[in-house]
Amino acid sequence: MIKEQKYSQSLKLMGNIFTITVVAVDEKTANAHIELAIAEIRRIEKLLTTYSDDSQTNLINANAGIQPVKVDEEVFNLIERSIGISKITQGAFDISYGSIDKSLWNFDKSMTKLPDSETALKMVHLIDYRNIILDKENTTVFLKEKGMRIGFGGIGKGYAAEMAKQILLKQNVKSGIINASGDLCVWGQQPDNKKWTIGVADPVSPNKPFSYMEISNSAVATSGNYEKYVTINGKKYSHTIDPKTGLPISGIKSVTIIAPNAEFADAMATPIAVMGIKAGLFLIDQIPNLHCIIIDDNNNIYTSKNIRLK
């Protein structure tokens, strides 16, 4: 009997490093499967990117305050699900954050001071998921206010990982991992029939896991202030912005979400950080099959119910 093995390939997609791992009988079969996953992620990137003028996302943004834009059903459904997540997180997740994306915050070395709270508040008035008007019958999307912009930075990676997994399942790939820079979905078992072991990043030294979890058929996503941040006057400011104030959150180093699918895991990681420890964990505990690990600035660990760390 031919023994199955793990085969992996890493490459840059959607501005992130994706590592695709499949279990297969030989390298040729594995590479053919990995290519299918890559093609699917590239297809989604084309649909959702804001870096290409003719993407559906940019057409929606260009017509903000002017007219509704007809989009593919897939894009429409993703926006509809995003609005659903905005509702359950009371606006802590909001794809209309695009209006402050580059203009207010630029997390690079040139940033030496915080924008004042008044300027930040002026800019965030355009962030409001309730002003994304959907017409299901005609699959159109209309941004009510001029200057509004949507972006899929908080959900796109997870969506792409989930869709790539579905493509592989259709090809009877019984086991694998799609890892989008730490946001990952896992299915099946390793060749030795053990569950996959996933490391939870330590915010102090992200390359070293502080803990491990054995998982299968689920997804993990982490939002941490070690990924992108600026230090101003000795204080670290995360790239996680509170959509209500336009200012970065503080107090939480990282949030790790475990969920049934990668899209939902990706989308929930940031808003839980925005909501804060108490409100965030309360929400997580209301949603079936959703789990969470939060590390605060003092390295205290908080977990939702029913979570087991190794």
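Under a 3.5 Å cut-off, the side chain of Lys70 and the backbone N or O of Asn138 do form a donor-acceptor pair. Between the side chain of Asp266 and the main chain of Phe264, no donor-acceptor pair closer than 3.5 Å is present. Counting only distance, with no hydrogens or angles, the side chain of Gln190 and the backbone of Lys195 share a donor-acceptor pair below 3.5 Å. A donor-acceptor pair under 3.5 Å is formed between the side chain of Ser86 and the backbone N or O of Ser82.
Closest of all the heavy-atom pairs between Ile215 and Ser218 is CB-OG, 3.7 Å. The two residues Ala64 and Glu145 come nearest to each other via the heavy atoms CB-O, 3.5 Å.
Every residue two or more places apart in sequence or in another chain was checked for a salt bridge (charged side-chain N to carboxylate O under 4.0 Å, His left out) with Glu45, and none qualifies. In this structure, Glu35 has no salt bridge (charged side-chain N to carboxylate O under 4.0 Å, His left out) partners at least two apart in sequence or on a different chain.
To the nearest 0.5 Å, atoms CD1 (Ile284) and CD1 (Ile294) are separated by 7.5 Å.
When each of Ile150, Ile133, Asn131 is paired with Leu143, the side chain to side chain contact (heavy atoms under 4.5 Å, CB included) condition holds for Ile150 and for no other. Each of Thr57, Leu78, Val141 was compared with Val71 under the side chain to side chain contact (heavy atoms under 4.5 Å, CB included) criterion, and only Val141 meets it.
Side chain to side chain, Tyr302 and Asp296 meet the donor-acceptor criterion of an N or O pair below 3.5 Å. In the model, Asn193 has no side-chain atom that pairs as donor or acceptor with a side-chain atom of Gln189 under 3.5 Å. With hydrogens and angles left out, the side-chain atoms of Lys253 and Asn299 include a donor and acceptor closer than 3.5 Å.
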